[in-house]
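The block underneath contains the structure these notes are about, expressed in structure tokens.
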Number of protein chains: 2
Amino acid sequence: MSDSNPAREATRARILKAAKDLLGQEGFQGLGINAVARAAGCDKVLIYRYFGGLEGLAEAMGGQLDLWIGQGDPAPGDYVDTLAAMLRDYGRALRGNGLVRRILAWELLETSPLTRALGQAKSAAIRAWFQAVRARTGPAPEGIDAPAINAILIAATHHLALREDNDGTFAGLDLKQPETWARIDAAMSHLMTQAYGKAPL
Amino acid sequence: MSDSNPAREATRARILKAAKDLLGQEGFQGLGINAVARAAGCDKVLIYRYFGGLEGLAEAMGGQLDLWIGQGDPAPGDYVDTLAAMLRDYGRALRGNGLVRRILAWELLETSPLTRALGQAKSAAIRAWFQAVRARTGPAPEGIDAPAINAILIAATHHLALREDNDGTFAGLDLKQPETWARIDAAMSHLMTQAYGKAPL
DNA sequence: TACCTCTGTCACCAGTCAGTGACATAGGTA
DNA sequence: TACCTATGTCACTGACTGGTGACAGAGGTA
């Protein structure tokens, strides 16, 4: 098949790298056929040939999920501690990964074949992450709507990471300051321990 | 001045309305000079004359802040109850206002004169909202980093409202279902009451 | 040799974009 | 009357967009 052709593979890789770089730097607006071809230093017709257009290119990018979440292996512990640690690591990884932030923000604005292709790959990764947590810690405490609480905390993690990119402020907090993130980490831990009924007991 | 000319004012108002409608429906991508002029049924040169271009048009939109937050007056109560009620109302208003959601999402992606103009007006509105809460309830409980906790909960409210627009799922929750929002409301209240140390006492 | 497939390049298409200059017309003023 | 200002219309430019068809050359195969 075409996989055996080293020239084709090299060009494919160049296009993929250019697309990822472009998305991370310029954002979704810069991700057009012409711009990607220009950045990759090849003709745009090759993107149509090798990926079937932008949509196929996005699928290929989503398939390369070395990027989504780079969390390490947390030490096993009880549910709350483990979840808090993983969420904190996730937030840090997010703040260090402009490409993923762009994609997350992009998903909020546009529902296109591109976003769907990327989004499904990301959903699968997040599901796997949650299952890893459950496997490590056992089930969540009973009588508490853990999925809803966790969704709220993950949503906040996403949103605050995204807000740092632009004006850098949110609800009176200055997200450019490292101390602010320490406060947020502490507040997040506080919310989790209190919500799961740990400390008051 | 030009304010005395009714024809100019009528055209200005038509352009503003068209821009708001367009942004709410099509999103920020559709907000171009040509598209606004087309929707307003006038020539684009009038947008340049009356608003100085898209940037001035965005400033004018931000100035019309009848829209940002439409919350009513909550009954005075203790800090947590009042805050929880206002946050819940805010979330509902957000889910019912596509235009504001578009603008919030837009701010996450682009830092342009347009977003800055709109964003500053919104920040002022949110600050005023917080001050209204404090005025009604007195200071936050001591020993708790209320700004950080509240920022987290507001961030989550924003993010979940934004996620409903597109794929409608987040972290395993189906945001298209009304029951899901009831669960989120309950979880949000639970988080606040526990975090502020109310229930365990 | 002749043939064929694949890679890569180039030129072109129609459509849209932001922005500008020229013009017709209406309303008010001297 | 004549003049002037402001509203609104139209046509146009230059640059970019996504997308397609034609072509040149390389490499392998019969």
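Source: prediction; values computed, not measured. Per chain, numbering begins at 1; letters A, B, ... match sequence-line order. When reading the values below, keep in mind they use all heavy atoms of this one structure, side chains included, and skip hydrogens, waters and symmetry mates.
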[X] side chain N/O closer than 4.0 Å to the phosphate oxygens (OP1, OP2) of [N]?
X       : N      : result
A:Tyr50 : C:dG8  : yes
A:Thr11 : C:dG8  : yes
B:Arg38 : C:dC17 : yes

In whole angstrom, what separates [X]'s [atom1] from [N]'s [atom2]?
X       : N      : atom1 : atom2 : value
A:Phe51 : C:dT7  : CZ    : P     : 12 Å
A:Gln29 : D:dT17 : CD    : P     : 12 Å
A:Ile15 : C:dT9  : CD1   : P     : 10 Å
A:Leu46 : C:dC10 : CG    : P     : 12 Å
B:Leu57 : C:dA18 : CG    : C1'   : 14 Å

Does [Y] offer a backbone N or O that forms a donor-acceptor pair with the side chain of [X] under 3.5 Å?
X        : Y        : value
B:Arg12  : B:Tyr50  : yes
A:Arg102 : A:Gln25  : yes
A:Thr180 : A:Leu175 : no

Between the CD1 atom in A:Ile184 and the CD atom in A:Glu179, the distance rounded to the nearest 0.5 Å is 11.5 Å

Letter by letter from the 5' end, nucleotides 18-23 of chain D scores (B base, S sugar-phosphate only, - none; protein heavy atoms under 4.0 Å) BBB-B-

Requested in this report: Find out whether B:Met61 and B:Phe51 are in side-chain contact, i.e. whether some heavy atom of one side chain is under 4.5 Å from a heavy atom of the other.
Outcome: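 SC-SC contact between B:Met61 and B:Phe51 ruled out.
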
- Looking for any heavy atom pair under 4.0 Å, which part of the strands does A:Arg12 touch: base, sugar-phosphate only, or nothing? nothing

Please work out which of the three classes, parallel, tilted or perpendicular, describes the rings of B:His158 and A:Phe170, given edges at 30° and 60°. perpendicular

